[in-house]
Amino acid sequence: MADLAINFKKSSQSSDNLDEEERTYLVLLGERVRDARATRGMTRKILARDSGVSERYLAQLESGQGNASILLIRHIAAALNLPLSELLREDTDQALELTLVSQLLKRLPAQKLAEVRSRLARDYGSAVEERKQRIALIGLRGAGKSTLGNRLAKLLDAPFIELDREIEREAGTSLSEIFLLYGQAGYRRYERRCLEKVLEKNERAVIATGGSIVSDPGTYDLLLSTCFTAWLKAEPGEHMARVIAQGDTRPMAGSGEAMDDLRRILAGRAVLYGQADVTVDTAGKPVEKSLAELRKAVAP
């Protein structure tokens, strides 16, 4: 135990003595943190606030210079012939079948995982015709979810629901205040609760979702299995121009690298958005043309 404590102290203080494989792991860990942050549309400042970790440390972590003490846990997991995730998971009672499924998924090529996840949501969710009673629009802000969603709902004679507005009503305050008071985790709780209520109360609807709903696996799976989803896709420059035209630059406000952040967010979410039933590209198209394509793509 004393040796472990000494090694822990040394490892947490310096990474000078790491071998190449360990350095590579820390770089990969940093990239995963950065990609996860981008997928959720979080700036480093927001993540620092919500996690209680300094921006300086996050910058070091994302550049592959994080605290090397994680490597000790990794060595222990390797000695036990266990994946690191098995030691770090928080649930204490994992069913055997779930473990076997997890092991099977880990043997699949990375490019197959999104396809399998999407297929599971469809095969074990509602049938396509049933899901088409509720149309859910996904995509980054500025893709046209509100504009096209409202007009599509009128064509289908169905209620139009903006999930973010439902969240604000539920919380009794604006989205910016929700993030300020409760952080990303608090917003996710409101998002899941409001989606469940919308599904419970509306057998038919057109739902415009928040751009980051795809980054919460549980909520996104619920959406995929109960709604017919359409990804409204546009180019980064168009997303930015449309959002600025609306007078809203959240969540990139205060960032000197807004366009780079936007491109990173789109890249990080592309595979997730791609799990939608259909994709409608709104880039460079007038509203009427995009609406006609969307109507055709989601026709019951």
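The structure displayed is predicted, hence computed values, not measured ones.
Between K197 and E170, at least one side-chain nitrogen of the basic residue sits less than 4.0 Å from a carboxylate oxygen of the acidic one, meeting the salt-bridge criterion. Using a cut-off of 4.0 Å between Lys/Arg side-chain N and Asp/Glu carboxylate O, E20 and R23 are scored as not salt-bridged. Checked for salt-bridge contact, E196 and R193 miss the test: no charged N lies under 4.0 Å from a carboxylate O. Salt bridge E203/R134: absent, no basic N to carboxylate O contact under 4.0 Å. Ionic pairing of D277 and R131 is present here: one or more N-O contacts between side-chain nitrogen and carboxylate oxygen are shorter than 4.0 angstrom. Under the 4.0 Å criterion applied to side-chain N and carboxylate O atoms, R165 and E168 are assigned as salt-bridge partners.
In this structure, CD on Q184 lies 11.5 Å from OG on S51, to the nearest 0.5 angstrom. For the atom pair L199 CG and C194 SG, the distance stands at 11.0 Å (nearest 0.5 Å). In this structure, CZ in R269 is found 11.0 Å from CD1 in I213, a value given to the nearest 0.5 Å. Distance CD/E130 to OG1/T226: 9.5 Å, rounded to 0.5 Å. We find the CD-CG distance between E62 and L29 to be 10.0 Å, quoted to the nearest 0.5 Å.
Side-chain atoms of I161 and V206, non-hydrogen and from C-beta on, never get closer than 4.5 Å to each other. Contact of the I207 side chain with the F160 side chain is not registered, since no non-hydrogen atoms from C-beta on lie closer than 4.5 Å. With a 4.5 Å cut-off on side-chain heavy atoms, R188 and S215 count as touching. At least one side-chain heavy atom of L156 sits under 4.5 Å from a side-chain heavy atom of R295. Counting only heavy atoms from C-beta outward, the side chains of L163 and Y190 never approach each other to under 4.5 Å. Considering only heavy atoms from C-beta on, I135 stays 4.5 Å or farther from C227 through its side chain. Put simply, the side chain of D50 reaches to within 4.5 Å of the side chain of M42, judged on heavy atoms.
Nearest heavy atoms, A230 versus L294: CB-CD1, 3.9 Å. The two residues W231 and A276 have their closest heavy-atom pair at N-CB, 3.8 Å. Contact detail for I138 and K145: the closest heavy-atom pair is C-CD, 3.8 Å.
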Pair S63-R34, side chain to side chain donor-acceptor pair (under 3.5 Å): steps then yes or no: CA-CA 9 Å; S63 65; R34 185 175 65 247; over 6 Å; no
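For Y187 and D164, the side-chain atoms include at least one donor-acceptor pair closer than 3.5 Å.
The environment of Y182 atom OH is sparse: at most 12 non-hydrogen atoms of other residues, nucleotides or ligands sit within 6.0 angstrom.
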